[in-house]
Amino acid sequence: MECRTACPFGKHRSYAALALLILAAAGCATVPDAKEDIAEAAATSSSRLTILGANGPLTIQQSHRLLSRVADDAGQDASFRRHLAIEAAIARTPLTADNATELLRDGSATFEAVFKAIAAAKHHINLEYYTLEDISYGGKHLGDLLVAKRRAGVAVNIIYDAYGSSDTPAAFFDRLKAAGAKLLAFHPVNPLEAAAEGYSPNDRDHRKIMIVDGTVAIIGGVNLATYYQSKTPGSDAASGRAPATQEAGNPQETNPQGTTLPTKWRDLSIRIEGPAVEQLQGLFLGHWKNEDGSKLDQSTFFPVQSAKGKEMIRIIGSSPEQDVSHYYVTAISAIRNAERRIWLTAAYFVPTFEETHALEDAAERGVDVRLMLPAVSDASTAIAVAHSHYSDLLESGVRIFELGGVVLHSKIMTIDGVWSAIGSSNFDHRSVLFNDEVDAVILGSRTAKGLEAIFAEDQKAAKEIKLEEWSKRPFTDRLGDFFQRNWQYLL
């Protein structure tokens, strides 16, 4: 098996010295073969179908009635049951019922929902983010809001990735600590700070999770980062003033190759109420414990849940500690079993061998496979690597669209109108090998229809890449694609 090493080149931050250090520490990392894991899970699938409702595990009779209802609502009984069987065989966490969900477009809707939930918090606020900054929304700053909640007696517990949040001013974290918030840096970059637990700078916490009072959660692709504020209502840009970064004298944001990026970031999160929140709470606590966080008062972390809606959700937490990423196996299985359509939006399209062939095989058997990919990115190397895959994908019948005018950061997929995934996992090697990720798989038609509507809207604004035109590119461009693919194991 070949050596595939990954490092976070260009994922919004590019530090050459750190990159070299990470490469040295990473050694040889291999993308695991998902076939064995899928086969093993399928052999024991009879014991995996557990459905948790608001009042605990459902009986067999209740489960059958619920599944029949969801299948009827989807109007695609066979497809729904097919994907349900896949989920039951592959996933390592129970399926939860009685959830309510809301899709949150871009930073504006996500920030609004985050600020609203935090303002309403009565017991605790748990945040886990790759990038955490003192964002603003509606004239208010996150730091002010969190400090105010601490003064009101609300517990504030925060996990932030030490690399992803390395640009955040220390004063922001110091202020929160002074107010009594508990903060935990995931895998400190400084080896002296990480010596007690072992040094693993290449393993990053890429999750984006907010949990309030154990009843409301938000996950997805949106970091609590200021670069989302350029088009956020209530931000400086919306009020006609220059963004804070420009006021501070910093140049307009560019990618590592010096290309000026659009000011608007396109992304998606999902707000969840119901039993699925408990699974997210468990993931947060798992990281807190593994990173040797201080003792937390968990007395209000798992309140009695009530039925909030009709969505069926499975939360999947992935980690490099797993033999193979649980989400990776789940996604590949869903793609391989698609019957009608696969619509995928990927911020960083650097697919593994199995992902590439799963998409190509689906298109060749007649599945409507569409990819929404960025025309420009904060990780321009990832775009170059994606281009190296276009010819094979287009020849297989995959339709590819490039969205310009925005920095596309979404990570979503919907299959057959009944299976949907939203979370932090990118379609790249890093999410499989090195990142701790969190994703929500939703079974049913409601969320799928919402995601398909978003995809269709983006498709209208995107440029479709046609095989005839793509094959006529200059030889130097095609040769460059060949060499760029050698970098895909580093992304």
Margin query: Using every non-hydrogen atom in the two residues, find where Ile335 and Arg365 come nearest and quote the distance to one decimal.
Written below: O-NH2, 3.0 Å

Margin query: Under the rule for ring-ring contact (aromatic ring centres under 6.0 Å, His included), what residues qualify as partners of Phe173, not counting sequence neighbours?
Written below: Tyr160

Notebook entry, point to check: With a 4.0 Å cut-off, would you call Glu354 and Arg336 a salt bridge?
Noted result: yes

Note to self: Whether the side chain of Asp205 engages the backbone of Asp161 through a donor-acceptor N/O pair (distance < 3.5 Å, no angle test) should be reported.
What the structure shows: no

Notebook entry, point to check: With Asn223, which residues qualify under side chain to side chain donor-acceptor pair (under 3.5 Å), at least two apart?
Noted result: Tyr227

Check: Taking only residues two or more places apart in sequence, or in another chain, which ones meet Phe455 in a ring-ring contact (aromatic ring centres under 6.0 Å, His included)?
Finding: Trp343

Note to self: Quick one: does any side-chain atom of Lys264 pair with a main-chain N or O of Pro262 as donor and acceptor, under 3.5 Å?
What the structure shows: no

Notebook entry, point to check: What heavy-atom pair brings Asn426 and Ser431 nearest, and what distance separates the two atoms?
Noted result: N-OG, 2.9 Å

Next item on the list: Answer yes or no: is there a side-chain heavy-atom contact under 4.5 Å between Val216 and Ile211?
Entry: no

Check: Donor-acceptor pair, Asp134 side chain versus Phe172 backbone, under 3.5 Å?
Finding: no

Next item on the list: Give the intermediate values and the outcome of side chain to side chain contact (heavy atoms under 4.5 Å, CB included) for residues Arg105 and Leu268.
Entry: CA-CA 5 Å; Arg105 296 289 302 275; Leu268 190 75; 3.7 Å; yes

Notebook entry, point to check: Are Glu402 and His387 close enough that a side-chain donor and a side-chain acceptor fall under 3.5 Å?
Noted result: yes

Check: Is a salt bridge present between Arg370 and Asp368, judged by a nitrogen-to-oxygen distance below 4.0 Å?
Finding: yes

Notebook entry, point to check: Does the pair Glu464/Lys466 count as a salt bridge with the N-to-O cut at 4.0 Å?
Noted result: yes

Notebook entry, point to check: Does a side-chain heavy-atom distance below 4.5 Å link Leu280 with Val438?
Noted result: yes

Note to self: side chain to side chain contact (heavy atoms under 4.5 Å, CB included) for Leu103 and Ile454? Distances and angles first, verdict last.
What the structure shows: CA-CA 10 Å; Leu103 296 177; Ile454 291 172; 4.1 Å; yes

Margin query: Using side-chain heavy atoms (C-beta onward) and a distance below 4.5 Å, is Ile158 in contact with Leu176?
Written below: yes

Checklist line | Minimum side-chain heavy-atom gap Phe401-Arg399 below 4.5 Å | finding: yes

Next item on the list: Without swapping roles, check the side chain of Ser165 against the backbone of Thr168 for a donor-acceptor pair under 3.5 Å.
Entry: no

Next item on the list: Identify, with sequence neighbours excluded, every residue that meets ring-ring contact (aromatic ring centres under 6.0 Å, His included) alongside His141.
Entry: none

Checklist line | Nearest-0.5 Å distance, CD1 of residue Ile313 to CD1 of residue Ile272 | finding: 4.5 Å

Next item on the list: State, without any angle test, whether Asn435 and Arg430 hold a side-chain donor-acceptor pair at a distance under 3.5 Å.
Entry: yes

Item checked: Atom pair CG/OG of Asp439 and Ser318 - distance to nearest 0.5 Å -> 6.0 Å

Notebook entry, point to check: Roughly how far, to the nearest 0.5 Å, is CD of Gln279 from CG of Leu95?
Noted result: 8.5 Å

Check: Between Ala347 and Pro374, what is the shortest heavy-atom contact and its length?
Finding: O-CG, 3.3 Å

Check: Is Thr330 close to Ile316 at the side-chain level, that is, under 4.5 Å between some pair of heavy atoms?
Finding: yes

Item checked: Gln229 (side chain) donor-acceptor with Ser136 (main chain) under 3.5 angstrom -> yes

Item checked: Chi angles and distances behind the side chain to side chain contact (heavy atoms under 4.5 Å, CB included) call for Asn126, Gln281 -> CA-CA 8 Å; Asn126 292 340; Gln281 194 79 283; 2.8 Å; yes

Note to self: If only side-chain N and O atoms count, and only distance matters, is there a donor-acceptor pair under 3.5 Å linking Tyr163 with Asp203?
What the structure shows: no

Next item on the list: Over all heavy atoms of both residues, which pair between Val350 and His429 is shortest? Give the atoms and the distance, please.
Entry: O-ND1, 3.1 Å

Check: Would you say Phe427 and Thr356 make side-chain contact, with heavy atoms under 4.5 Å?
Finding: no

Notebook entry, point to check: Between Glu437 and Arg207, is the closest basic N to carboxylate O distance under 4.0 Å?
Noted result: no

Next item on the list: Quick one: list whatever passes side chain to side chain donor-acceptor pair (under 3.5 Å) with Asp436, sequence neighbours left out.
Entry: His287, Ser319

Next item on the list: Give the minimum heavy-atom separation between Leu373 and Phe349, together with the two atoms involved.
Entry: CD2-CB, 3.7 Å

Next item on the list: Would you confirm whether Glu355, through its side chain, and Leu359, through its main-chain N or O, come within 3.5 Å as a donor-acceptor pair?
Entry: no

Checklist line | Nearest-0.5 Å distance, OG1 of residue Thr110 to CG of residue Leu224 | finding: 9.0 Å

Check: In Å and rounded to the nearest 0.5 Å, what is the CD1 to CE distance from Ile342 to Met413?
Finding: 7.5 Å

Item checked: Gap separating the CD1 atom of Ile135 from the OG1 atom of Thr226, nearest 0.5 angstrom -> 9.0 Å

Item checked: Criterion side chain to side chain contact (heavy atoms under 4.5 Å, CB included) on Ile315 and Leu283, from CA distance to verdict -> CA-CA 9 Å; Ile315 299 297; Leu283 289 177; 3.8 Å; yes

Notebook entry, point to check: Does any N or O in the side chain of Asp416 come within less than 3.5 Å of the main-chain N or O of Ala338, such that one atom is a donor and the other an acceptor?
Noted result: no

Checklist line | Contact summary for Ala363 and Ser396, nearest pair of heavy atoms | finding: CB-O, 3.3 Å

Note to self: Are Thr345 and Lys411 packed together at the side-chain level, in the sense that at least one heavy-atom pair is separated by less than 4.5 angstrom?
What the structure shows: no

Notebook entry, point to check: Going by distance alone, is a donor N or O of one side chain under 3.5 Å from an acceptor N or O of the other, for Asp106 and Tyr228?
Noted result: no

Next item on the list: Go through the structure and list residues passing side chain to side chain donor-acceptor pair (under 3.5 Å) with Glu452, not counting sequence neighbours.
Entry: Arg341

Check: Are the side chains of Leu184 and Trp288 in touch, meaning some heavy atoms are under 4.5 Å apart?
Finding: yes

Note to self: Could you check whether any side-chain N or O of His409 sits under 3.5 Å from a backbone N or O of Val222, counting only pairs where one atom can act as donor and the other as acceptor?
What the structure shows: no

